[in-house]
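Encoded as structure tokens, the structure appears first; notes follow it.
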Amino acid sequence: MKEFDYIIIGGGCAGLSLAYELEIHEKLKDKTLAIIEPRQEYKKDKTWSFWKVTPHNFDDCVKKKWENFSINIPGKTNHLECNNYPYQSIDSGLFYEKINNKLRENENIVFFKDIKEINSKNSFIFNSVPTLKKDHLNLWQHFCGVEIETQNDFFDDNIFNLMDFDCEQRENVHFFYTLPYTKNKALIETTWLSKMNNSSQKDYDKQIKDYIEKHLNLKNYKITYREEGAIPLFYPLHEKEENKINIGTAGGMTRLTTGYTFLNIQEHSKYIRKNIENISNAKKYEINKKYQFLDEIFLRVLEKHPEKMSDIFFKMFRTSPKTVIKFLSNKSNFFEDLSIIFKMPKWTFIRALFY
Ligand SMILES: Cc1cc2nc3c(=O)[nH]c(=O)nc-3n(C[C@H](O)[C@H](O)[C@H](O)COP(=O)(O)OP(=O)(O)OC[C@H]3O[C@@H](n4cnc5c(N)ncnc54)[C@H](O)[C@@H]3O)c2cc1C
């Protein structure tokens, strides 16, 4: 059976981002790489959005970017600017196509459906398939989004809606998220932050239909695409193994309060590329511990007081949006962290420290 210098398990966002980063920096000229990916074909299956706080390789896959956004709670709307860090939406279909076209040029890179097809004994492995502890008490961000097209112009495509909490909460945290790509095309997503021990929030299609037709008061539209997903708001199990590094969601690249992962994956890929010659001895790359700690407290509050969360998010963004964006994107300094912490309800958070 064939052997490879490197193996990437999972050719999704993290696996392909890493392969691309290594390839464009010519790290695979004299090295071989096997990518293990069971899917039959690559097609658009996700939309990755984030505030662009650092450069990345995929500006040409950006479907749309915005410099304004809003947050709603019942009776109140906050309009905010993000011109320092525009919010970008990446079309996964364009991303897969761009990377696969590039990787095809190098004969040292080969795709397999199953790791059993190769000899992995002497390879360095980058694994993006997470092992998640099955615990019904864990929190998830679970969601369903549809892209719709309207007959007439309907949306203001200069501003996206990050969170609209003016909807049923069902004793959890629930909001709608709207990305208007043009005046007559938008992604509308219903998002829950909750445990997954029952399916009472899973009537996604009805939620979206009601929101579009009753809340937005839009009747003439057609659905052109649908995506559904769940992001764990806890870290996957991690067993340290020689010659193996976890990447992507499996590698703890998700920011637990927000689910944002895409840019962290890009930064991790760069880190691996810079250290690839001595990767077995490289320090573990992780989201800064201060964010891990603060996110844990935040999620404890969310679990205990879901009814307070819409207000907390709303107030958080009353600090300068630039500061909040930096905080949520792991780029804030100590003083910026403090300004956000001071916006939180003091006693609720102090009590959460001791739960
Ligand atoms: C629908 C959706 C929307 C998201 N939107 C955003 C967003 O807007 N912004 C953001 O920052 N994050 C977002 N995320 C979170 C995160 O960015 C994505 O989940 C991202 O795809 C994670 O990359 P990954 O490589 O870890 O996992 P994936 O992209 O899921 O890749 C894992 C790959 O492993 C393959 N695989 C599965 N089992 C095996 C196996 N046994 N052996 C080998 N391969 C296997 C899968 O087919 C897949 O291709 C979203 C997540 C989802 C699910």
Side-chain angles (χ1 to χ4, degrees), residues 7-21 34-54 56 58 61-66 69 85 87-93 95-96 99-100 111-118 120 125-132 140-147 160 162-163 177-179 187-192 196 204 225-233 235-236 238 244-269 272 287 325 328-330:
I7 298 174
I8 292 178
I9 305 179
C13 182
L16 291 185
S17 296
L18 175 60
Y20 186 81
E21 178 72 20
I35 302 178
I36 316 297
E37 173 52 55
R39 71 174 89 188
Q40 291 305 322
E41 59 164 338
Y42 278 101
K43 56 177 192 226
K44 175 173 157 181
D45 56 0
K46 292 183 187 86
T47 313
W48 292 299
S49 308
F50 49 86
W51 284 286
K52 190 187 176 192
V53 294
T54 50
H56 59 76
F58 304 105
C61 305
V62 171
K63 194 169 166 160
K64 171 87 179 165
K65 60 179 191 218
W66 298 266
F69 64 107
Y85 303 117
Y87 197 72
Q88 297 189 323
S89 247
I90 292 212
D91 180 318
S92 56
F95 168 95
Y96 296 140
I99 296 181
N100 284 324
F111 276 80
F112 294 90
K113 292 263 180 290
D114 197 310
I115 197 158
K116 291 192 195 109
E117 294 172 54
I118 58 174
S120 58
I125 297 180
F126 301 96
N127 169 50
S128 69
V129 178
T131 312
L132 298 172
W140 291 78
Q141 183 188 115
H142 58 106
F143 47 87
C144 173
V146 296
E147 275 180 27
F160 74 96
L162 183 68
M163 292 169 150
Y177 167 68
T178 302
L179 297 179
L187 172 78
I188 299 184
E189 208 161 88
T190 177
T191 304
W192 294 86
M196 296 259 267
Y204 297 137
Y225 164 79
R226 183 183 187 280
E227 70 178 33
E228 198 177 313
I231 303 175
L233 300 183
Y235 290 115
H238 177 73
K244 188 172 180 184
I245 289 181
N246 284 346
I247 57 174
T249 303
M253 286 304 108
T254 299
R255 194 56 202 278
L256 297 190
T257 40
T258 58
Y260 288 123
T261 315
F262 185 88
L263 266 194
N264 298 331
I265 285 175
Q266 304 316 319
E267 297 210 296
H268 194 190
S269 299
I272 293 172
I287 291 178
I325 290 167
L328 296 178
S329 312
N330 332 328

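Order of listing sets the numbers, starting from 1, for every ligand and every atom in it. Each residue takes its place number in the sequence, starting with 1. What's counted below: heavy atoms across the whole structure, side chains too, no hydrogens, waters or symmetry copies.
- The shortest N or O to N or O distance between E37 and ligand 1 is below 3.5 Å.
- Listed by number with element, the atoms of ligand 1 under 4.0 Å from a non-hydrogen atom of K46 are 1 (C), 2 (C), 21 (O), 29 (O), 30 (O), 52 (C), 53 (C).
- Neither the backbone nor the side chain of F50 has any atom closer than 4.0 Å to an atom of ligand 1 (non-hydrogen atoms only).
- A heavy-atom distance below 4.5 Å is found between the side chains of D91 and K44.
- Residue I9 approaches ligand 1 through these ligand atoms, each under 4.0 Å from one of its heavy atoms: 42 (N), 43 (C).
- The one candidate from Y260, F262, W66 that meets the ring pair (Phe, Tyr, Trp, His ring centres under 6.0 Å) condition with W51 is Y260.
- Aromatic rings from Y177 and F143 are positioned such that their centres are separated by 6.0 Å or more.
- The atoms of ligand 1 that sit less than 4.0 Å from any heavy atom of I265 are 22 (C), 23 (O).
- Taking 4.5 Å as the limit, every side-chain heavy atom of I231 sits out of range of all side-chain heavy atoms of T249.
- The protein non-hydrogen atom at the shortest distance from atom 7 (C) of ligand 1 is S49 N, 3.3 Å.
- Close contacts between ligand 1 and G11 involve ligand atoms 49 (O) [criterion: under 4.0 Å to a heavy atom].
- For atom 17 (O) of ligand 1, the closest heavy atom belonging to the protein is T261 CB, 3.3 Å.
- Near I36, with a cut-off below 4.0 Å to any heavy atom, the atoms of ligand 1 are 43 (C), 44 (N).
- Of all atoms in ligand 1, listed by their number and element, those nearer than 4.0 Å to a heavy atom of G248 are 26 (O).
- Note that the CD1 atom of I9 and the CD1 atom of I247 stand 9.5 Å from one another [nearest 0.5 Å].
- The shortest contact between atom 31 (O) of ligand 1 and any protein heavy atom is with G12 CA, 3.3 Å.
- Among all protein heavy atoms, the one lying closest to atom 13 (C) of ligand 1 is W48 CD1, 3.8 Å.
- A distance of 6.0 Å separates CG in L328 from OG1 in T258, rounded to the nearest 0.5 Å.
- From the protein, the heavy atom lying nearest to atom 1 (C) of ligand 1 is F143 CE1, 3.4 Å.
- With ring centers used as reference points, F50 lies under 6.0 Å from H56.
- Taking every heavy atom of G259 and a limit of under 4.0 angstrom, the matching atoms of ligand 1 come to 12 (N), 15 (C).
- Nearest to atom 26 (O) of ligand 1 by heavy atom, out of N246, T258, T249, is T249.
- L16 places a side-chain heavy atom less than 4.5 Å from the side chain of N100.
- The closest protein non-hydrogen atom to atom 39 (C) of ligand 1 is V129 CG2, 3.5 Å.
- Considering backbone and side-chain atoms alike, R39 places an N or O below 3.5 Å from some N or O of ligand 1.
- The protein atom (non-hydrogen) at minimum distance from atom 5 (N) of ligand 1 is T47 O, 3.3 Å.
- For W48 and F95, the ring centers are positioned less than 6.0 Å apart.
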Show your reasoning for whether side chain to side chain donor-acceptor pair (under 3.5 Å) applies to R255 and N330.
CA-CA 8 Å; R255 194 56 202 278; N330 332 328; 2.8 Å; yes

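- Aromatic pair Y87/F69: centroids not less than 6.0 angstrom apart.
- The nearest protein atom to atom 25 (O) of ligand 1, hydrogens excluded, is given as A14 N, 2.7 Å; this is a heavy-atom distance.
- The line from CD1 of I325 to NZ of K52 is 14.5 Å long, rounded to the nearest 0.5 Å.
- Side-chain contact check for Q266 and T54: no donor-acceptor pair (N or O, by modelled atom type) lies under 3.5 Å.
- Less than 4.0 angstrom separates some heavy atom of Y260 from each of these atoms of ligand 1: 9 (N), 10 (C), 11 (O).
- Residue I231 touches ligand 1 through its side chain alone, judged by heavy-atom distances below 4.0 Å.
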